[in-house]
Protein chains: 4
Amino acid sequence: MSLADSQPRPDGPTRGRPRSEAVERSIIEGVMKLLEDGVPLAELSIERIARTAGVGKATIYRRWSGKEELFIDVVRTAEPPDPELPGTSLRDDLVAFLEQMRQRGLMTRSSALLRSVFAQVKSSPKLWDAYHTIVVEPRRRKQVALLLRAQENGELRADIDAELMNDLFIGPMLMRTVMRADTVMRADGDLPEGLSEQIVDAVLEGLRPVSSRTP
Amino acid sequence: MSLADSQPRPDGPTRGRPRSEAVERSIIEGVMKLLEDGVPLAELSIERIARTAGVGKATIYRRWSGKEELFIDVVRTAEPPDPELPGTSLRDDLVAFLEQMRQRGLMTRSSALLRSVFAQVKSSPKLWDAYHTIVVEPRRRKQVALLLRAQENGELRADIDAELMNDLFIGPMLMRTVMRADTVMRADGDLPEGLSEQIVDAVLEGLRPVSSRTP
Amino acid sequence: MSLADSQPRPDGPTRGRPRSEAVERSIIEGVMKLLEDGVPLAELSIERIARTAGVGKATIYRRWSGKEELFIDVVRTAEPPDPELPGTSLRDDLVAFLEQMRQRGLMTRSSALLRSVFAQVKSSPKLWDAYHTIVVEPRRRKQVALLLRAQENGELRADIDAELMNDLFIGPMLMRTVMRADTVMRADGDLPEGLSEQIVDAVLEGLRPVSSRTP
Amino acid sequence: MSLADSQPRPDGPTRGRPRSEAVERSIIEGVMKLLEDGVPLAELSIERIARTAGVGKATIYRRWSGKEELFIDVVRTAEPPDPELPGTSLRDDLVAFLEQMRQRGLMTRSSALLRSVFAQVKSSPKLWDAYHTIVVEPRRRKQVALLLRAQENGELRADIDAELMNDLFIGPMLMRTVMRADTVMRADGDLPEGLSEQIVDAVLEGLRPVSSRTP
DNA sequence: GCCTAACCGAGACGGTACGTCACGTCTTTTA
DNA sequence: TAAAAGACGTGACGTACCGTCTCGGTTAGGC
């Protein structure tokens, strides 16, 4: 799960001068710097990245097979780790997941970065698959596991698929962070504090067993 | 709402030979044909589009300022019209909206096309704004109006913002059609018949006034 | 020999609106004006000429089949008429011819024009042929006739071809006006007053019969 | 005096892969081949030259700033070297110079080529200056030096400028090689053997001191 | 005093070439 | 052998003209 040499050295492991790890880092950080500086993704050519990182083009191609592969490593580096769950209640854990999505959707510097690479990643099936496998799916599995446990505890209705339930919680926040947030709204008015709680409470209301509903 | 000349003639309205509408159509349909034939979006150069449509490059640039602008019109042309609402009940109307999203998410020819252009549109703030203004926002307004009326009728709780409610319904389906559908799943197993009803019923359960809940 | 309609009207002589002579003039004068203003010949596109003359492109193509044909008429219009010969002596007549060449080679406005179109004319065999037939050859014939008469009078040696003699006089001046004058020298120091007399006198010295030489 | 990199590398002398001389040659020879095959100069686009030489356009622009600069090197490559002078007499040396001009004016393959590029070069002041500096002026200086020595020896009159004298010899041959030869005459009848001697003898007659004239 | 054919300006049209840029590969020197 | 530098063939970019073709609107005869 480390910063992969996506392009492994073809022959033996150690002959001649070894690849410099410093170079690896300076390339990825160079890309991040450019994105943070507001350079549109479309203007991120390999040549420009090499120039920025003070590196030869061949040095990039030796490690990644192209721009897409490189971006996977950039996203992986920038992606925030999964949130620590409070564990105090189902509701609190769900809120924690949504809250992390909301944070990422805010107009911070590092998120502006993420969002633009994200768009690029999304427009390439190959990248999207990789991103899904490495980042999205593991997190989704955690969320679904949480809900399954709650169903077994009787905290949630058992007659609805846990995967669908998960989408009921995640989908609305996604709606705002990915679909609307990046462009239409400029201020963060669309992602106010308390939004996570509002969503979780409203959806949870319909998913609890009848017996345990708010009176 | 007609096929716009995104690049309006700078001068008066009618001097010189008028632009041919047939050419306009053949360009847009040329793009659709290429996409349907499985040409990757990255290989859709203006030169190739012009060649396919049997048209000079200048003729394209006369109408659109670049590939992106052109894609807006392609999406707009392919975008299905808003669904006709049955009007029999709030639930049925909501299902109708979601059902349309589900249909679009299925792996039909025309939708495979749409989804890749859609990704491209999404990766450009300018395009995304335009798409939002022209396509998304009007539809969203209809949906919200529907919910507001239901709140006034007492069919829905009045203590939750109607816009948020709308996201609670739309978000989960979006999750599956846009986020997961294009790559992870190949068969349409993720968008089964009955999905719309499942979502609407589950979410509606938490949004009805306490008095009118399922016992 | 008038300003030709190089592109004659195909059918009968007079049906419909006749072509405007004013338009004809304004096109040719437009070209001259552009050249006098120092616009490089290479930048003289048909589109620009039409714009300058306030004329549609088709109006130009109706008269000339292309840029080259048009330039013939421009040169013809600008070419100075043959000089009037004093007739006082062979020497004076020869000087008159050379003096005209010298004048044209000076850096006057109208000659800057001529020289640049001349260069263009020269680079196209078709144009060069036309220019030769219309302008150069008739003048050359006059010069040769002059020399032939002088041979009959005994003023010139009879053992040298009159056409070659003509080149002996014309060539040196051409050397300076066409080959060197346009670029290398900037001031007109290379074409000083008295140059024509110098050339004629020097060459004439070798062409007179021995009996009549300067002692 | 080697095949210049008209577009010098901006940086230091030896960094990165050096420019291939083979490519340089194949471009210039490609142009020559096209011209020899009778392709009109106007159809010699950079794209076509690149295609013929099996070379990318950028590789051409890396060396020359445009078609014109390239043509200088083509002309320079094809230009015959200065003739070897017999040194037996002033007359023989002058004949040698003229004879070379006459040879070049004949309808040989390589000269048909040269003459059309030559016309192009002539139509651009910048090119013409360059051509003059590199090719014409050095040769002219040799010729003038020859005449100056003859003046000092008393073989030529001292009262006529040596530069003017030079034009008296060169001009007439130029008249036939450059002005008339390319188009009007087709066969080489205008440049017969013996022409050089005829011109030199006729002009020399007027330039010798009176004492040494043909009786 | 109409009729109508040809003119006129404007500018769209399918092409071709321009000169620039980035692609991914390759060949140098230097370390 | 890696690394920087940059040349290489390829091909798309967006612009400018080419010569042809519609447009709406004149402008002169011939009836």
Side-chain angles (χ1 to χ4, degrees), chain A residues 9 11 14-20 23 43-51 53-62 65-67, chain B residues 9-12 14-20 22-23 43-51 53-63 65-67, chain C residues 9-20 22-23 43-51 53-62 65-67, chain D residues 9-20 22-23 43-48 50-51 53-63 65-67:
Chain A
R9 308 214 307 182
D11 75 337
T14 47
R15 294 231 306 174
R17 177 173 171 181
R19 291 188 190 162
S20 157
V23 160
E43 295 178 13
L44 273 198
S45 57
I46 291 274
E47 304 218 326
R48 180 163 184 178
I49 291 170
R51 236 178 294 134
V55 142
K57 279 197 292 176
T59 302
I60 294 181
Y61 283 109
R62 207 173 284 123
S65 69
K67 223 184 314 191
Chain B
R9 309 215 308 180
D11 186 71
T14 47
R15 298 235 300 186
R17 179 174 172 177
R19 291 188 189 159
S20 158
V23 160
E43 295 179 15
L44 271 198
S45 57
I46 292 274
E47 302 216 327
R48 181 161 184 182
I49 292 170
R51 237 177 293 134
V55 142
K57 277 199 291 178
T59 301
I60 294 181
Y61 284 110
R62 209 172 281 126
R63 291 170 164 72
S65 69
K67 223 184 312 191
Chain C
R9 310 216 305 180
D11 75 337
T14 48
R15 295 235 306 176
R17 177 177 173 179
R19 290 188 191 159
S20 157
V23 160
E43 295 178 14
L44 271 199
S45 58
I46 291 276
E47 302 217 328
R48 181 162 183 180
I49 292 170
R51 236 178 295 133
V55 142
K57 279 199 291 177
T59 302
I60 295 182
Y61 283 109
R62 209 172 284 123
S65 69
K67 224 185 313 192
Chain D
R9 309 215 308 181
D11 186 73
T14 49
R15 299 234 302 183
R17 177 175 174 179
R19 291 188 190 160
S20 157
V23 160
E43 294 179 14
L44 270 200
S45 58
I46 291 275
E47 304 216 325
R48 181 161 184 182
R51 236 177 294 133
V55 141
K57 276 198 292 177
T59 300
I60 295 182
Y61 283 109
R62 211 172 281 124
R63 289 169 167 72
S65 69
K67 223 182 313 189

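Naming convention: chains lettered A, B, ... in sequence-line order (proteins, then strands); numbering from 1 in each chain.
The base of E:dG19 lies close enough to the side chain of D:Lys57 for a donor and an acceptor atom to sit less than 3.5 Å apart. In this model, no side-chain donor or acceptor of B:Arg17 finds a partner on the base of F:dC23 within 3.5 Å.
Each of E:dA5, E:dC8, E:dT25 was ranked by its minimum atom distance to the side chain of A:Tyr61; first place goes to E:dT25. When distances run from any side-chain atom of C:Val55 to the nucleotides F:dG9, E:dA22, E:dG9, the shortest one goes to E:dG9.
In this structure, B:Arg63 atom CZ and E:dG11 atom C1' are separated by 12 Å, rounded to whole Å. Look at CZ on C:Arg19: it is 17 Å from C1' on F:dG29, rounded to the nearest Å. Going from atom CD1 of D:Ile60 over to atom P of F:dT10 covers 12 Å, rounded to whole Å. Spacing between atom CD1 of B:Ile46 and atom C1' of F:dA12 amounts to 10 Å, rounded to whole angstrom units. Rounding to whole angstrom units, CD of residue B:Glu47 and P of F:dT15 are separated by 13 Å. Rounded to an integer number of Å, the gap from A:Ile49 CD1 to E:dG24 C1' is 14 Å.
If you find the closest nucleotide of DNA chain E to D:Ala58 and to D:Pro18, the one lying nearer the 5' end belongs to D:Ala58. Checking C:Arg48 against D:Gly16, the closest nucleotide of DNA chain F that is more toward the 5' end is the one next to D:Gly16.
Between C:Glu47 and C:Lys57, the closest heavy-atom pair is OE2-NZ, 2.7 Å. When every heavy atom of D:Arg19 is checked against every heavy atom of D:Arg63, the shortest pair comes out as CB-NH2, 3.4 Å. In plain terms, the two heavy atoms of A:Ala50 and A:Gly56 that are nearest each other are CB-C, 4.3 Å.
Using a 4.0 Å heavy-atom criterion, one finds that A:Gly54 contacts the sugar-phosphate atoms exclusively. Note on B:Arg62: a base of the nucleic acid sits closer than 4.0 angstrom, heavy atoms only. D:Ala50 comes within 4.0 angstrom of no nucleic acid atom, judged by non-hydrogen atoms across all strands.
For the atom pair A:Lys67 NZ and A:Tyr61 OH, the distance stands at 8.0 Å (nearest 0.5 Å). With rounding to the nearest 0.5 angstrom, the CD1 atom of A:Ile49 is 10.5 Å from the CZ atom of A:Arg51.
For A:Thr59, a side-chain nitrogen or oxygen approaches OP1 or OP2 of F:dA4 to under 4.0 Å. Of the side-chain N and O atoms in B:Lys67, none sit less than 4.0 angstrom from OP1 or OP2 of F:dG14.
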